Amino acid sequence: MREGHDGTGPGAITPDGCAVELYSRLPVRDEPDIIAAAVPAGAHILELGSGVGRVTHALVERGFTVTAVDESPEMLDRVRGARTICGPIEELDLEETFDVVMLASFLVHCGDVEVRRGLLRTCVRHVAAGGCVLIQRQGEDYHTDLPRERVDPTGFTVRIVSAEPVGDGVNAVRAEYVFPDAVWTQTFRSRPLTREQFEDALEEAGLRVDRYLTEDRIWVRAVPEARSVRPSEKAQ
């Protein structure tokens, strides 16, 4: 288990506190529409933090070729129709590049700055020349409009219960997922980032915002700054 992360409920729990059975139940929302509108049809996508394939499967159905990466083998066991790779995202180096690299699930808000830097370096390392990086941010009131809950039309309730400071600008966030037959909780470390702080983190990694894809600026299309090409890329 990663430091500061925990989870409860039926089934396997991943190192960051996610419950595999819970994520198998969560419905896909508007993510595939947002992604498809921002990238070329049929693009090769490197999905960092794919989980059980909730978004992966929708992208494959739309004709994208997806390589799904997650550090949980139990999550990847549920992915279908995509190449899967198990391991920590921040250490990934496949020595190949992709049209699109996707870093969703608010991973850019990782509480550990060095891990966040590693995540963004992985994005830069794997995006092809002329490609893009799609990043999902937290909403600007994610840590302050609390507690709050959303009742999903499919019949379960999501609650963000609290976000308690634990030092160095990081909060311990507690979430609850209540289904008629089961309850899951997750506690994780998260670092709030203003728009300026987010863009500074991208710049440090060699990325810049191309455009915000949604009015709430949660989904972002970033592109790499000019960089030298590695020998392995020249051969592709």
Side-chain angles (χ1 to χ4, degrees), residues 1-7 13-18 23 46-51 67-73 75-76 85-98 100-128 131-140 142-144 160 162-175 186-210 217-228 230 232-233:
M1 193 68 65
R2 289 180 180 255
E3 182 180 0
H5 294 249
D6 195 15
I13 304 293
T14 68
D16 59 356
C18 294
Y23 277 82
L46 177 65
E47 184 185 5
L48 303 174
S50 66
T67 295
V69 179
D70 203 277
E71 67 178 348
S72 166
M75 287 282 196
L76 291 177
I85 295 173
C86 188
I89 296 167
E90 64 270 26
E91 299 174 8
L92 187 72
D93 190 351
L94 301 179
E95 297 188 346
E96 59 184 291
T97 58
F98 298 79
V100 181
V101 179
M102 189 166 69
L103 186 70
S105 302
F106 311 144
L107 292 176
V108 74
H109 291 270
C110 173
D112 187 322
V113 171
E114 288 306 313
V115 172
R116 183 190 71 204
R117 287 172 174 154
L119 297 174
L120 292 174
R121 284 194 296 266
T122 293
C123 292
V124 172
R125 190 158 53 239
H126 291 91
V127 65
C132 67
V133 178
L134 302 185
I135 300 172
Q136 185 184 25
R137 304 171 60 219
Q138 292 172 344
E140 293 173 5
Y142 186 87
H143 292 257
T144 56
I160 306 299
S162 60
E164 300 294 334
V166 293
D168 190 34
V170 177
N171 290 334
V173 178
R174 179 179 172 82
Q186 183 182 9
T187 302
F188 57 95
R189 297 280 175 91
S190 180
R191 181 180 298 274
L193 296 172
T194 64
R195 180 175 176 177
E196 181 179 19
Q197 289 170 331
F198 168 72
E199 293 184 0
D200 285 347
L202 294 192
E203 182 179 1
E204 180 188 43
L207 294 166
R208 62 174 176 82
V209 172
D210 178 55
R217 296 191 292 273
I218 287 178
W219 279 92
V220 187
R221 186 180 192 272
V223 294
E225 300 286 3
R227 60 187 175 93
S228 59
R230 300 190 307 179
S232 60
E233 294 174 351

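Being a predicted model, the structure only gives us computed values, none of them experimental.
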Quiz item: Quick one: salt bridge (Lys or Arg N to Asp or Glu O under 4.0 Å) partners of Glu140, sequence neighbours excluded?
Solution: Arg217

Quiz prompt | Smallest separation among heavy atoms of Val209 and Phe198, with atom names | solution = CG2-CE2, 4.2 Å

Quiz item: What distance separates Leu120 CG from Arg125 CZ, expressed to the nearest 0.5 Å?
Solution: 11.0 Å

Quiz item: Roughly how far, to the nearest 0.5 Å, is the CE atom of Met75 from the OG atom of Ser50?
Solution: 8.5 Å

Quiz item: Between Ala205 and Val124, which heavy-atom pair has the shortest distance, and what is it?
Solution: O-CG2, 3.3 Å

Quiz item: Can you tell if the side chain of Arg137 reaches within under 4.5 Å of the side chain of His109, non-hydrogen atoms only?
Solution: yes

Quiz item: To the nearest 0.5 Å, how far apart are CD in Glu47 and CG in Asp70?
Solution: 9.0 Å

Quiz item: Which value, rounded to the nearest 0.5 Å, describes the distance between Glu71 atom CD and Leu92 atom CG?
Solution: 12.0 Å

Quiz item: Can you tell me if CD on Gln197 sees more than 12 non-hydrogen neighbours from other groups inside 6.0 Å?
Solution: yes

Self-check item: Which atom of Cys132 lies closest to which atom of Val223, heavy atoms considered
Solution: CB-CG1, 4.3 Å

Quiz item: Who pairs with Glu199 by salt bridge (Lys or Arg N to Asp or Glu O under 4.0 Å), at least two apart in sequence or on another chain?
Solution: Arg195

Quiz item: Would a 4.5 Å heavy-atom cut-off, applied to side chains only, mark Met1 and Ile13 as touching?
Solution: yes

Self-check item: Listed partners of Tyr142 passing ring-ring contact (aromatic ring centres under 6.0 Å, His included), at least two apart
Solution: Phe106

Self-check item: Partner set under side-chain hydrogen bond (donor to acceptor under 3.5 Å, both in side chains) for Glu114, not counting sequence neighbours
Solution: Arg117

Quiz prompt | Shortest non-hydrogen separation from His5 to Pro15 and the atoms involved | solution = CB-O, 3.9 Å

Quiz item: Hey, are the side chains of Asp112 and Arg189 touching, using non-hydrogen atoms and a 4.5 Å cut-off?
Solution: no

Quiz item: What are the two closest non-hydrogen atoms of Leu94 and His126, and how far apart are they?
Solution: N-NE2, 2.9 Å

Self-check item: Nearest-0.5 Å distance, CZ of residue Arg121 to CD of residue Glu91
Solution: 11.0 Å

Quiz prompt | Any donor-acceptor N/O pair, Gln186 side chain to Gly7 backbone, under 3.5 Å | solution = no

Quiz prompt | side-chain hydrogen bond (donor to acceptor under 3.5 Å, both in side chains) partners for Arg221, two or more places apart | solution = Asp210

Quiz item: Can you find a pair of side-chain heavy atoms, one from Leu202 and one from Ile135, that are under 4.5 Å apart?
Solution: yes

Practice problem: Could you pull out the closest heavy-atom pair between Cys110 and Leu119, with the gap in Å? | Solution: CB-CD1, 4.4 Å

Quiz item: If you measure from SG on Cys123 to CG on Leu103, what distance do you get to the nearest 0.5 Å?
Solution: 4.5 Å

If you look only at distance, which donor and acceptor atoms sit under 3.5 Å apart when one is on a side chain in residues 163-174 and the other is two or more places apart or in another chain?
residue : atom : partner : partner atom : Å
Asp168  : OD2  : Arg191  : NH2          : 3.1
Asn171  : ND2  : His143  : ND1          : 2.9

